[in-house]
Structures are given as structure tokens and as C-alpha cells.
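Before any comments, here is the structure.
Residue numbering restarts at 1 for every chain, and letters A, B, ... go by the order of the sequence lines.
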2 protein chains.
Amino acid sequence: MGNDHSVEVPNHCSMCGNRHLSAFKNLGDEDLDQLSEMKTCVSFKKGQVIMHEGARPQGVYCLHSGKVKLYKLGAEGKEQIIRFMTKGDLLGYRSLLSEETISGSVSAIDDTYACYIPKSSFFQVIQKNPKFTLNILEKACHELGEMGKIITSLAQKTVRERLAEILLILRATFGETEEGNLDISLTREEIANMVGTATESAIRLISELKEDSLIETKGRKIKILDATRLRKIANVFD
Amino acid sequence: MGNDHSVEVPNHCSMCGNRHLSAFKNLGDEDLDQLSEMKTCVSFKKGQVIMHEGARPQGVYCLHSGKVKLYKLGAEGKEQIIRFMTKGDLLGYRSLLSEETISGSVSAIDDTYACYIPKSSFFQVIQKNPKFTLNILEKACHELGEMGKIITSLAQKTVRERLAEILLILRATFGETEEGNLDISLTREEIANMVGTATESAIRLISELKEDSLIETKGRKIKILDATRLRKIANVFD
DNA sequence: TGTGGAAAATGATAATTATCATATTTTTGG
DNA sequence: CCAAAAATATGATAATTATCATTTTCCACA
């Protein structure tokens, strides 16, 4: 087991446990049949680039398992991580629907399985099923709100506040392992690329949080010890 | 003339010169008739708040003329301007579609005329006309891309670079008056609230740009003298 | 058309953050 | 499991940006 894609990703969308998380949640059997016929299962190894900024995708990916990061390259070639995505999330639809090139690259930060749905099938489902379009729209609208929050943080908070905030966001997004560590493994550079700071600054501030016993780290494992105080530092109230 | 709303905003949507700019661009006559019956014309004076962050809107506004800013309040109560909107733009749909509270306040920076479309009519059009939904989705997807760019700028560029960038964006968005000034009047504080910096810092950097003859200012009037060098400072290549 | 209040400009200084250098630890791939 | 490479940690310093104080200018409105 585990060496066959059909184990990792069900062949038929109706069998997919993530369906209710995705934009495909309320499609009828007929639509699901059609989707299942057109989709192909794909896997990406940790570190592999799934989509390239500036390209024109020929389809969308529906993530089945694993974790990916969406990032843009800044002027000096530095990665800015915009968001993470995981099971149930749809990749590439933005570009197809706005008829623009891909606004950011996507790469796997864990081994990742996904279903690839070609452009034509994607648009067929959209045409046939207004509910699907509305699902996507709803997700896009939610994302717009999230990005507004990120913009406000970046513009107004200090690096220290943003770092604390992002540690909390990581926990809310990915949860914890049995040992209590954040269930995502990131390099300090990647953390810096989310926070929007220099890698050294992120490292230094992480060390400070450690000294103050707010967090504990061992290599890339990070454990949040005092979420309350962390929340205070982050200046978040919700 | 000018003292009657019917002069400022046509009574019937089919007569609206901005229709082709908006998400209503390819609606049929029947839909337009229905919309026209349900919409009401509203006007906002400069400075007036149109929507409040955290509220639940009961409809959407389609801007007919004037300019508005969308902003969020940060932890210290400081405004962060997320974007500007002008004729043809739809306000409030994000909240209705994601069933969340409004993610940011909107206020008029010029006298503004708009059509108000109640929630129920909005959803009726959505239900009846998949093309309309797709139009909105397309706009939302475009906006997601723009916000990704903003995030990357805020995270990676210096204040000086961002200021230069925003002056160029303002020109691209609002154009110039006959005298060559940016066709939008903003306080230094508002500029700072876009750039994501302290008001004094924005003022200081504007003064520097003046000294270097990149721009010229007289009160709130700003004229771009050397867009090429400004673009170089902003680190933009597209 | 003068005037009071707001906005803009500017200086001085403090705080934050970036950069560069180097040592140490961790991770990765054979 | 080990060695090389990559990542992390930390110090020293420079650059950027924020903050506070004060003066000058602008502008809305009586």
C-alpha cells in the first residue's frame, strides 16, 4: 500500500473524503461522474514546483493531501509567501477565470497528492453548474477578506507582532502534532518570507520568543507554549 | 441641472454609460428591466462613510461617479487603505457572497453617486444569470492577483519604493487633469495610509521626491514630472 | 476676505530592522 | 551512518523608519 496512486487519491470523486471541503461539495452524481472521467491523479514530491508564476495553466488542481505554498517573487528575487493551501483547496482557478497569467508560483512543502482537471472540463462544470461557480466565488470572496487582513498587518504591525501572529495562524491552519508541535515544517527563511522580513531578523525574534518561554523549538519543530501572551504580542483580539 | 439625481444617474440601467465597465455588462434587457425597478439612486458627499467595517450589508452599491476608498482599521485605529474604487465598481458583494461581515469600511473621497441594489435583487440576478456570477468572479479573481502584488510590495519594498509605486498607481488608476496633476485629491495622511508608513515619513519622502524634481506639489495637487525615474525608484518593470 | 483649525513641513532623536560576518548546528543525500 | 551542504544562531554595525516637538502653510467657512 502507498505505492499506488489509487490508494492515495480515490479514482472517483464521489468517493473523495475531501469533497465536502472543496468547491465540488454540492455537485450532483452526473457532474461527479464527468469530473472523475476527466481528472487525472498527480503527485508532487516535497519541494517540487506545481505552478510557475507568469505561466498560463491548462487546468486546475484540487489538492487531496499534503501542503503547498503560494508565493510571488519580489524585485530582488525574494519569495513572498502569500498563503498556504491544503486538502480541498483549488489551485489555478484564479488565472483561468481572470484570463491572466498565474499571479504566483506554487510549490509543495510536503509530499502532495492532487487531482488535475483540464481547463475544458473545469469550464464545462462551471457552465453546467451555477452552484459550483458560486462555491468558487464564495471562496474567492473569503480569500479577499483574508488578504485585506494580511495587507493591514504588513502595513501597520512590527515584525515582532507579525511573527507572533503568523505562528498563531500556522497553528490555526495546520494544527499540532501529538507532541504539541506545529504540524508544518518550515525553514526560518520561509517563516521570514511570510512575515515579510530578513531571515536573520526572523531567527533573532524567534530566539527572543524562546527566551521568553512563549515558544520552544527544536530544529524546525516549533511548539507554542503560551498562546495567550503570543496573542497579546501579536495584537490580535479575534 | 445637477440638482436632480435623475440627471446624475440614469433611471434605467440600460441607459447607464458605465454598464459595460461593470459586472452588469452582458445582462439581457429583461434582467436590466428588473434591476432598474429594484435599484435606488443614492448620493454621498465627500467624506461620508458608505459602509462600515464589521457590518452586514443589505445590498450592494454600483458606483456611477465619484471615488471611494476601501480601508481597514489596524490595531491602533490607523486606517489602512486597501484600494480605491470608481465608476462601474461593485461594493459589498464580497460580504454578501462569503456571508461574512464587511471586511473594510468604504468612504467617499469625492462626491459620489451610486445605485443601491438590495440583497434579494442581487441574488435574484445571480440565480437567473450565470454570466453575471462569472463577471463578478472574474473581477474577484483579478482583485486577488492585485492584492498579491500589494502584499509583496509591503513585505519587501522600502517605504520610498512603495511611495513611488503608489504615485504611479494613482496616475494609472485616476489619470491626470489638464494641468497634469493626478486626478485625485488625497491628504498626506491618506497617502501614508496606502503606503503603510507614518504620515511624517510620507511627507518627508514626498519632499525628497520634490527636491529631486521627480514630482511637483501644490497643496494636495501632485504632478508627476519624471515617471521613468519614478519607476526606477519604485522597482517596477511592468 | 480674514481667521481658526487642520494639514503639511521640518528638525531632533529613538527604535526598529537590515546587512554583513562568522561560528555552530541541523539536515540531506549517498 | 557520515560528510558535505544547508540552515540556524549570534554579534557588530549601518540604514531605515517611527516618534515627538515645533513651525509654517493651507483651506474651509463664517
Side-chain angles (χ1 to χ4, degrees), chain A residues 45-48 74-80 108-111 153-166 181 184-212 215-222 233-235, chain B residues 45-48 74-80 109-111 153-167 181 184-212 215-222 233-235:
Chain A
K45 271 177 290 197
K46 179 175 172 169
Q48 214 177 330
E76 327 289 321
K78 186 178 159 81
E79 274 185 19
Q80 178 60 35
I109 53 178
D110 273 347
D111 288 355
S153 275
L154 283 168
Q156 300 195 1
K157 290 187 174 179
T158 64
V159 174
R160 184 183 169 80
E161 290 171 318
R162 265 142 51 202
L163 173 64
E165 186 175 36
I166 277 179
N181 297 314
I184 183 173
S185 169
L186 298 169
T187 66
R188 299 293 191 266
E189 187 179 7
E190 285 174 314
I191 293 176
N193 291 346
M194 275 187 284
V195 172
T197 190
T199 306
E200 297 95 321
S201 298
I203 289 172
R204 226 179 286 273
L205 290 165
I206 287 172
S207 297
E208 283 179 31
L209 293 180
K210 262 195 295 191
E211 271 177 30
D212 297 347
I215 63 172
E216 203 176 271
T217 73
K218 184 164 187 186
R220 284 178 202 166
K221 288 177 197 143
I222 298 177
I233 291 176
N235 240 318
Chain B
K45 273 179 288 198
K46 179 175 172 168
Q48 214 179 329
E76 327 289 321
K78 187 179 159 81
E79 273 184 17
Q80 178 59 35
I109 51 178
D110 272 348
D111 289 355
S153 274
L154 282 169
Q156 300 195 1
K157 290 187 176 181
T158 64
V159 174
R160 184 184 169 80
E161 290 171 318
R162 265 143 50 202
L163 174 62
E165 187 175 36
I166 277 181
L167 291 174
N181 297 314
I184 184 173
S185 169
L186 298 169
T187 66
R188 298 291 191 266
E189 187 180 6
E190 285 175 313
I191 293 177
N193 290 348
M194 274 186 285
V195 172
T197 190
T199 305
E200 300 94 320
S201 298
I203 289 172
R204 226 179 286 272
L205 290 165
I206 287 172
S207 298
E208 283 179 30
L209 293 180
K210 264 196 293 191
E211 271 177 30
D212 297 346
I215 62 172
E216 203 176 86
T217 74
K218 185 166 187 185
R220 287 182 199 165
K221 289 176 196 142
I222 298 177
I233 290 177
N235 241 318

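- The CD1 atom of B/Ile203 sits 13 Å away from the P atom of D/dA18 (whole-angstrom rounding).
- Between A/Arg162 atom CZ and C/dT17 atom C1' there is a gap of 10 Å when expressed in whole angstrom units.
- Take the nearest nucleotide of DNA chain C for A/Leu205 and for B/Glu189: the residue whose nucleotide is more 5' is B/Glu189.
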Please write out the pairs of protein N or O atoms and N or O atoms of nucleotides 20-29 of chain D separated by less than 3.5 Å, giving the distance to one decimal.
unit_1, atom_1, unit_2, atom_2, d
D/dC20, N4, B/Glu200, OE2, 3.4

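- Residue B/Arg160 contributes atom CZ, which lies 17 Å from atom C1' of C/dA18 at whole-angstrom precision.
- At a threshold of 4.5 Å between non-hydrogen side-chain atoms, the residues A/Glu76 and B/Asn235 count as touching.
- Annotation: the span from B/Thr199 atom OG1 to B/Asn193 atom CG amounts to 6.0 Å, rounded to 0.5 Å.
- Per the geometry, NZ belonging to A/Lys45 stands 15 Å off P belonging to C/dT28, to the nearest Å.
- At the phosphate of D/dA6, neither OP1 nor OP2 sits under 4.0 Å from any side-chain N or O atom of A/Thr187.
- Contact check for A/Arg220 versus A/Thr187: side-chain heavy atoms found under the 4.5 Å cut-off.
- Atom CZ of B/Arg162 sits about 12.0 Å away from atom CE of B/Met194, to the nearest 0.5 Å.
- Listed nucleotides C/dA9, D/dT17, C/dT17 differ in distance to A/Val159; the shortest reach to its side chain belongs to C/dT17.
- When each of A/Ile233, A/Leu205, A/Thr158 is paired with A/Leu163, the side-chain contact (heavy atoms from CB on, under 4.5 Å) condition holds for A/Leu205 and for no other.
- When the P atom of D/dA7 is taken as reference, atom CD1 of A/Ile206 falls 15 Å away, rounded to whole Å.
- The environment of A/Lys221 atom NZ is sparse: at most 12 non-hydrogen atoms of other residues, nucleotides or ligands sit within 6.0 angstrom.
- Annotation: of the two residues near DNA chain D, A/Arg188 and B/Lys157, the 5′-most nearest-nucleotide partner is A/Arg188.
- At the phosphate of D/dA7, neither OP1 nor OP2 sits under 4.0 Å from any side-chain N or O atom of A/Thr199.
- Although no hydrogens or angles enter the test, the distance criterion places no donor-acceptor pair under 3.5 Å between the side chain of B/Glu165 and the main chain of B/Ser153.
- Look at CG on A/Leu154: it is 16 Å from C1' on D/dT17, rounded to the nearest Å.
- Remark: P of C/dA18 and CG of A/Asn193 are 12 Å apart, rounded to the nearest angstrom.
- In terms of position on DNA chain D, the residue among B/Ser201 and A/Thr217 whose nearest nucleotide sits closer to the 5' end is A/Thr217.
- What separates CD of A/Glu76 from P of C/dA18 is a distance of 13 Å, to the nearest Å.
- Rounded to 10°, the helix from C/dT1-D/dA30 to C/dG30-D/dC1 has 70° between the axis fitted to its first five pairs and the one fitted to its last five.
- Using a 4.0 Å heavy-atom cutoff across all strands shown, A/Thr197 reaches sugar-phosphate atoms only and no base atom.
- Within 6.0 Å of NZ in B/Lys46 there are 12 or fewer heavy atoms belonging to other residues, nucleotides or ligands.
- Listed for the A/Arg188 side chain is no donor-acceptor partner under 3.5 Å among the backbone atoms of A/Ile203.
- Atom CD of A/Glu208 sits about 10.5 Å away from atom CD1 of A/Ile215, to the nearest 0.5 Å.
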